[in-house]
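First up is the structure itself, then whatever we jot down about it.
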Amino acid sequence: MAIVVNEKNARYILAGYNSMSEIEKHQFELVKFLKFFKNYLLILAVSYIVIGFILIKMFDNANIGIVFSVLYPFFGFFLLIYRSLSYYRNSSKTNVLVLVVGTAIIIAVITAISIGLSNPTIKLNNNKLFISGPYGKILNIDEILSVEKISTPIQAKKVSGFQMGNVRKGKFELPDDEIVTIISTTDKNYLMIFTKSSKYIINFDSVLQAKINEKIIKQ
């Protein structure tokens, strides 16, 4: 877009500008904006590649790259929209609105990603298994039929919930069309919990598995 858009074709392909009335277009400083627009997009593209490459080399964690790939362009284009308003006369009220709404959206996205990537707290108290988080569950021990370690990666399609890299929380469909609840932040070992009505897949914990089996035997 930094290369393609110019003063001649902007009225057709430049989003926002192409939907303005002729009066509004006269109030918009197109020539100055296009100079800013082209430089901004080129800087955003180059910095995205450079920073992304550095992160890949520094951290052996796919989720860091995914979060960067989501948030960096998102924040970059929000800033582009906000800065673009300065080239349009009589836009003071719009500036405030865009700033407030945009900031609220960015905070909401960051919060949602943080909650999604956070490690769930899974603990066994008395005769109940507590799994924390938005897609967590409280299971009575008498509901659990058995627990089983799964050492191979789970191939599953998200039905509802959160998925980013190897972090999965919510309802997922297995290759055999079975719907299960997965609450996991790893792609190595899992603990499959079989209940009377459904199945749950969580991060593997040998101590937790032993405790659950002990409780089941006592039932």
Side-chain angles (χ1 to χ4, degrees), residues 1-56 59 61-120 132-136 157-172 183 185:
M1 291 302 295
I3 298 172
V4 172
V5 178
N6 56 48
E7 193 175 350
K8 293 182 179 179
N9 61 26
R11 63 172 51 249
Y12 305 110
I13 65 175
L14 183 59
Y17 182 78
N18 58 10
S19 59
M20 288 181 179
S21 65
E22 289 301 320
I23 295 177
E24 290 175 323
K25 287 177 180 177
H26 282 298
Q27 295 177 327
F28 189 76
E29 299 176 2
L30 180 61
V31 177
K32 291 182 178 179
F33 170 74
L34 287 178
K35 183 178 179 180
F36 156 76
F37 178 76
K38 289 173 175 288
N39 291 334
Y40 185 92
L41 286 187
L42 287 173
I43 292 172
L44 182 64
V46 173
S47 61
Y48 175 79
I49 294 172
V50 172
I51 297 174
F53 180 78
I54 293 173
L55 289 175
I56 290 173
F59 302 99
N61 188 327
N63 290 330
I64 292 177
I66 295 173
V67 171
F68 170 76
S69 295
V70 172
L71 292 182
Y72 191 75
F74 186 83
F75 181 78
F77 281 107
F78 162 67
L79 185 59
L80 172 64
I81 293 171
Y82 180 72
R83 288 286 305 277
S84 298
L85 295 174
S86 64
Y87 294 90
Y88 180 66
R89 303 183 189 94
N90 304 320
S91 62
S92 57
K93 292 183 179 179
T94 306
N95 282 354
V96 175
L97 180 62
V98 170
L99 182 61
V100 172
V101 174
T103 301
I105 292 174
I106 289 175
I107 292 174
V109 171
I110 293 175
T111 302
I113 292 176
S114 298
I115 294 173
L117 293 177
S118 62
N119 289 321
S132 70
Y135 304 97
K157 181 175 65 176
K158 186 181 74 172
V159 176
S160 63
F162 177 89
Q163 181 175 19
M164 182 173 287
N166 55 14
V167 178
R168 290 178 284 190
K169 298 178 180 179
K171 297 288 184 181
F172 290 80
I183 302 176
T185 57

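Values in this document were obtained by computation on a predicted structure and should not be read as measured data.
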Any donor and acceptor pair, going by atom type alone, linking the side chain of Lys169 with main-chain N or O of Gly116 inside 3.5 Å? yes

Nearest atoms (heavy-atom pairs only) where [X] meets [Y]:
X      : Y      : answer
Thr185 : Pro120 : CG2-CD, 3.9 Å
Val5   : Lys38  : O-NZ, 2.5 Å
Thr103 : Phe78  : N-CZ, 4.0 Å
Ser84  : Phe33  : OG-CE1, 3.0 Å

Gap separating the [atom1] atom of [X] from the [atom2] atom of [Y], nearest 0.5 angstrom:
X      : Y      : atom1 : atom2 : value
Asn6   : Asn9   : CG    : CG    : 3.5 Å
Ile105 : Phe75  : CD1   : CZ    : 13.5 Å
Ile51  : Ile49  : CD1   : CD1   : 11.0 Å
Leu117 : Asn166 : CG    : CG    : 9.0 Å
Leu30  : Lys25  : CG    : NZ    : 9.5 Å
Leu42  : Ile3   : CG    : CD1   : 6.5 Å

Flag yes if more than 12 heavy atoms outside Tyr40 fall under 6.0 Å of its OH atom; otherwise flag no. yes

Looking at Lys158, I'd like to know if its NZ atom is crowded, meaning that more than 12 non-hydrogen atoms belonging to other residues, nucleotides or ligands lie closer than 6.0 Å. yes

Looking at side-chain heavy atoms only, is the closest gap between [X] and [Y] below 4.5 Å?
X      : Y      : result
Ser86  : Phe36  : no
Arg168 : Phe162 : no
Gln27  : Ser21  : no
Leu80  : Leu44  : no
Phe172 : Gln163 : yes
Ser47  : Tyr72  : yes
Ser69  : Tyr48  : yes
Leu41  : Met1   : yes

Carefully, step by step, assess Ile13 and Asn18 under the rule side chain to side chain contact (heavy atoms under 4.5 Å, CB included). CA-CA 6 Å; Ile13 65 175; Asn18 58 10; 5.8 Å; no

salt_bridge(Glu29, Lys35) N-O dist < 4.0 Å: no

Positive for side chain to side chain contact (heavy atoms under 4.5 Å, CB included) with Ile113, one of Thr111, Val109, Ile115: Val109

